[in-house]
Amino acid sequence: MKSIELNNAILTHIKKTKEVGHYLWERQWAERNGGNISIFLEDIEDQLPKTIDDFRYVGNRNFPKESAGLSFFVTGTGERLRDLREPEFSSCIIRIDDNAAGYHILWGGQKDNFRPTSEFITHLKVHLDMKKNGRDSKAIVHTHPIELIALSHHPEYNKNRYKFTENLWKMLPEVRAFTPNGIDLVKYELPGSEALADLTVKSLRDHDVAVWEKHGAIAAGKTVIEAFDYIDVANKGAIIFLKCLAAGFEPEGMSKKQMDEIAAIL
Ligand code: 13P
Ligand code: ZN
């Protein structure tokens, strides 16, 4: 199978992706094939051979027009993130063709019927929106963090997006400080759907983490490590919140004044 040579920048991205895959597995956020990761590879064009017709092509897609010609590193559907030790089998680099009607697999995906994650439409639309808005967040992590998901089942707290952020921020100064744009709750939509993609795009425009109700969480960062950190910090808030409830009391939470003090020094 034809494959491009990877430059140092891409190799570093893959190394960090493996590191994050390991963290997700350790935290029990990556059962079986749970979760997926992508990175927008903006500057790969000049590394491509003159013709890419010999690379494996998957067509019959209907990607947003503005994605034509863009390249991404992305994990495969059904793949175990704990298996990113061998990324050439469990992930790939694709280039969307000039008509946004399909993609070439430039690297990886070395198994029969390999396909990018079923959540690729969400990853793609978020990448396009970040690009359009001049944001330099090129890495996206979707995972299944236990406590954020548990809290998204809460019959009271899953009704109010503002309260959802507020309750998590109040649990620990670090949560307020390191998710400064908040942790949003996106109402349940079918995994892999355009509807979920569109709600996620809107949510990540002005929040650091989007929690998919009764499913998982997704965040974008300059690197996969940064994207992971947003979810990790948010989940810490959820752990503390739920531990207090499990101990039989509603957490008092930091006061508004204490939170405003932190916001003022950010
Ligand atoms: P994929 O195996 O297609 O990446 O799906 C995992 C997942 O978490 C779906 O939301
Ligand atoms: Zn998922």
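Both ligands and their constituent atoms are indexed starting at 1 by order of listing.
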Would you check whether [X] has a nitrogen or oxygen atom less than 3.5 angstrom from a nitrogen or oxygen atom of ligand 1?
X      : answer
Gly34  : no
Glu79  : no
Pro191 : no

In terms of atom number and element, which parts of ligand 1 are under 4.0 angstrom from non-hydrogen atoms of [X]?
X      : answer
Asn33  : 1 (P), 2 (O), 5 (O), 6 (C)
His144 : 8 (O)
Thr117 : 1 (P), 3 (O), 4 (O)
His215 : 10 (O)
His142 : 8 (O), 10 (O)
Thr77  : 1 (P), 2 (O), 3 (O)

**Request:** Give me the protein N, O or S atoms that fall under 2.8 Å of the Zn ion (ligand 2), sorted by chain and residue number.
**Result:** His142 NE2, His144 NE2, His215 NE2

Under 4.0 Å between a Lys/Arg side-chain N and an Asp/Glu carboxylate O for [X] and [Y]?
X      : Y      : value
Lys187 : Glu189 : yes
Lys16  : Glu226 : no
Glu166 : Lys170 : no
Arg61  : Asp97  : no
Asp53  : Lys50  : no

**Message:** Check whether Asn99 reaches the backbone of Ala101 with its side chain - one donor and one acceptor, N or O, closer than 3.5 Å.
**Reply:** no

**Message:** Test of understanding: clusters of I, L, V, M, F, W, Y form through side-chain heavy atoms closer than 4.5 Å, transitively. Do Ile37 and Trp29 belong to the same one?
**Reply:** yes

**Asked** More than 12 non-hydrogen atoms from neighbouring residues, nucleotides or ligands closer than 6.0 Å to NZ on Lys111, yes or no?
**Response** yes

**Request:** Considering heavy atoms of the protein only, find what lies nearest to atom 7 (C) of ligand 1 and give residue, atom and distance to 0.1 Å.
**Result:** Asn36 ND2, 3.5 Å

**Fill in**
If you scan protein heavy atoms around atom 10 (O) of ligand 1, the nearest is Glu119 OE2, 2.4 Å

**Request:** Tell me whether the centres of the aromatic rings in His215 and His142 are closer together than 6.0 Å.
**Result:** yes

**Prompt:** If you group Ile, Leu, Val, Met, Phe, Trp and Tyr whenever their side-chain heavy atoms sit less than 4.5 Å apart, what else falls in with Leu124?
**Reply:** Phe40, Val58, Phe63, Leu70, Phe72, Val74, Ile94, Ile96, Tyr103, Ile105, Phe114, Phe120, Leu128

**Request:** Give, for atom CG of Leu199 and atom OG1 of Thr122, the distance between the pair rounded to the nearest 0.5 Å.
**Result:** 9.0 Å

